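Take a look at the structure below.
These values consider heavy atoms only, across backbone and side chains, with no hydrogens, waters or symmetry-generated copies. Chain letters run A, B, ... following the sequence lines, proteins first and then strands; every chain starts at 1. What you are looking at is a predicted structure, and each value in this text was computed from that prediction instead of being measured.
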Protein chains: 2
Amino acid sequence: MTKKSADPANGGAPAAGPAARQVPMRDFSRSLPMSLLRAREAVMRQFRPSLREHGLTEQQWRILRALASIEAVEVTELARTAFLLGPSLSRILRDLEARNLIERKTAKADQRRSVVSISKDGVKLMASVAPTSEAIYAEITRRFGARKLAELQEMLGELERSLAGLGASEEASPEE
Amino acid sequence: MTKKSADPANGGAPAAGPAARQVPMRDFSRSLPMSLLRAREAVMRQFRPSLREHGLTEQQWRILRALASIEAVEVTELARTAFLLGPSLSRILRDLEARNLIERKTAKADQRRSVVSISKDGVKLMASVAPTSEAIYAEITRRFGARKLAELQEMLGELERSLAGLGASEEASPEE
DNA sequence: CGGAGATACTTAACATGTTAAATGAATGCG
DNA sequence: CGCATTCATTTAACATGTTAAGTATCTCCG
């Protein structure tokens, strides 16, 4: 029932492998992507059970939250806001609409665009999830420290900005 | 051909939606999970094209890197090292084995366990990817700053530790 | 006006994330 | 020894990530 708790009881046989240690690289587990991944997972692990009880995935919750604060949006802008790729968003909107949590209508001016908004049921669902969610966030803030949290987010933003437009489209070397 | 380049030109019509703004919450886009997600994406966006050229996904690359530094490991420990869930790892190992990038054998002492190691082909592939990968990492470090990078990783580690064992298994309320 | 090109979104196809269940093998205990 | 339990790994099922292709619509220019 508890976690699997690391088992260091294999300190005996090294069990040599066919071909390893040929390519030197930074310590894998200390790379920036891994640090970010683990940190995010540590955070999300706190929220998932609560969301699950309400039949929501992390991404569905993101979409509802985004919609709750902006009246109505076009799909493309929603994708940017909720940080989802078009295809993912497309599928999720289809499902959320089937569950009557959102509503959509095509824009009058441009038949290509569809405008999405949260429904009454969606608002009700949010109201039932938000308190727990906020409590969890508050606990995380308490444990880590509000000040440090703000600092961390500031650094994350800086990181983002410092990489903006690096691999966008202007990299040389189109060989291949 | 270029990317879609953010378009902030919609500051005009609010376009009222059926039911929004009922549930007040923190600004969605500034939540910790979103910050972490965006930061990680900004980083990974740099690596994916290069990996893709070599026919590797991010996770496959993680596994090869993990294997390259530890001779041989059991699947469970590899999952912990590469930070992958069992099912994902299972599938990926099946594919990597079919591509002859890894090798596996069942442990003599315990028929349930299987021991995985990188193959010669795997090492060769790593050798062909590692330089580019290191160069990208170096550029990221240069842009963001080595000092700040270290600070950031320290904070991420702290965050992880401060949340360790929160939603692990000792939460009350087994009501279902 | 009409068709080439751009846009907004959706589908398709494949890989992974996530949880639950299944399978096969070891362990402990009566 | 026999069998319930535990353990390591895999399979299943569903949801999302990711890239490419498809569809419908709009725009613009000749």
Side-chain angles (χ1 to χ4, degrees), chain A residues 1-7 9-10 37-38 40-41 44-45 47-49 51-53 55-63 73-80 82-99 104-116 167, chain B residues 1-5 7 9-10 37-38 40-41 44-45 47-49 51-53 55-63 73-80 82-99 104-116 167 176:
Chain A
M1 197 63 70
T2 67
K3 329 181 26 180
K4 34 185 166 309
S5 74
D7 168 14
N10 62 341
L37 181 58
R38 278 197 300 250
R40 185 174 141 81
E41 178 54 29
M44 287 315 301
R45 197 195 316 283
F47 291 98
R48 261 190 286 267
L51 292 178
R52 194 157 210 295
E53 280 180 20
L56 287 175
T57 65
E58 175 195 335
Q59 292 83 355
Q60 292 168 346
W61 178 236
R62 284 221 297 275
I63 291 176
V73 265
E74 294 172 6
V75 171
T76 300
E77 197 195 330
L78 181 55
R80 201 162 44 231
F83 208 70
L84 290 169
L85 293 179
S88 296
L89 182 54
S90 206
R91 282 175 305 213
I92 299 173
L93 289 180
R94 165 168 48 70
D95 299 348
L96 290 179
E97 188 176 21
R99 288 166 64 183
R104 64 204 309 186
K105 54 185 181 181
T106 23
K108 294 177 282 293
D110 188 337
Q111 297 292 115
R112 293 170 306 179
R113 294 171 143 84
S114 101
V115 176
V116 184
Chain B
M1 194 63 71
T2 69
K3 14 184 335 193
K4 35 185 166 301
S5 76
D7 169 16
N10 62 340
L37 181 58
R38 279 197 300 251
R40 184 173 142 81
E41 179 53 28
M44 286 315 300
R45 196 195 316 283
F47 291 98
R48 260 190 286 268
L51 292 178
R52 192 155 211 296
E53 279 179 21
L56 288 175
T57 66
E58 177 195 334
Q59 293 81 357
Q60 292 167 346
W61 177 235
R62 285 222 297 276
I63 291 175
V73 264
E74 294 173 5
V75 172
T76 299
E77 196 196 331
L78 181 56
R80 202 162 42 230
F83 208 70
L84 291 169
L85 293 177
S88 296
L89 183 54
S90 206
R91 282 176 303 214
I92 300 174
L93 289 180
R94 164 168 50 70
D95 299 347
L96 291 181
E97 188 177 20
R99 288 166 64 183
R104 63 203 312 185
K105 53 184 182 183
T106 26
K108 292 177 283 292
D110 188 338
Q111 296 293 113
R112 293 171 305 181
R113 294 170 144 86
S114 102
V115 177
V116 184
E176 171 69 26

Could you check which of [options] has an atom nearest any side-chain atom of [X]?
X      : options                : value
A:Q60  : C:dA26, D:dA8, D:dT16  : D:dT16
A:R91  : D:dT18, C:dA25, C:dT16 : D:dT18
B:D95  : D:dT25, D:dT16, C:dT16 : C:dT16
A:D110 : D:dT25, C:dT10, C:dA20 : D:dT25
B:R104 : C:dT19, D:dT10, D:dT18 : D:dT10
A:P87  : C:dA12, D:dT25, D:dT10 : C:dA12
A:T57  : D:dA15, D:dG17, D:dT18 : D:dA15
A:S90  : D:dT18, C:dC9, C:dT10  : C:dT10

Hey, is the side chain of B:Q111 poking within less than 4.0 Å of OP1 or OP2 on D:dC7, counting only N and O atoms?
->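 Negative; the distance criterion is not met.
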
Atom-pair distance ([atom1] on [X]; [atom2] on [N]), nearest Å:
X      : N      : atom1 : atom2 : answer
B:E41  : D:dG17 : CD    : C1'   : 9 Å
B:I63  : C:dA15 : CD1   : P     : 13 Å
A:L96  : D:dC14 : CG    : C1'   : 15 Å
B:K108 : C:dA25 : NZ    : P     : 18 Å
B:I92  : D:dT11 : CD1   : P     : 14 Å
A:L85  : C:dT11 : CG    : P     : 17 Å
B:R45  : D:dG17 : CZ    : P     : 14 Å
B:R52  : D:dT18 : CZ    : P     : 12 Å

Closest approach of [X] to [Y] (non-hydrogen atoms, all atoms of both residues):
X     : Y      : answer
A:V75 : A:R104 : CG2-NH2, 4.2 Å
A:R62 : A:A82  : NE-O, 2.8 Å
A:R99 : A:L56  : NH2-CD2, 4.0 Å
A:Q60 : A:G55  : OE1-O, 3.7 Å

query: Between A:F83 and B:L93, which is nearer to the 5' end of DNA chain D once each is assigned its nearest nucleotide?
result: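 This one resolves to B:L93.
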
Exercise. More 5' along DNA chain C: B:L89 or A:E74, using each one's nearest nucleotide?
Worked result: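 Its nucleotide being nearer the 5' end, the pick is A:E74.
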
Which part of the nucleic acid does B:S88 contact within heavy-atom distance under 4.0 Å: base, sugar-phosphate only, or nothing?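 Base, at least one base heavy atom under 4.0 Å.
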
message: So, under a plain 3.5 Å distance rule, would you say the side chain of B:R112 forms a donor-acceptor pair with the base of D:dC7?
response: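 A donor-acceptor contact between them is present.
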
- Query: Taking the side chain as C-beta and beyond, is there a heavy-atom pair between B:R91 and B:R94 under 4.5 Å?
  - Reply: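 The answer is yes; the side chains approach within 4.5 Å.
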
Checklist entry - Are A:E74 and A:R112 close enough for a salt bridge, meaning some N to O gap below 4.0 Å? => result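 No salt bridge links A:E74 with A:R112.
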
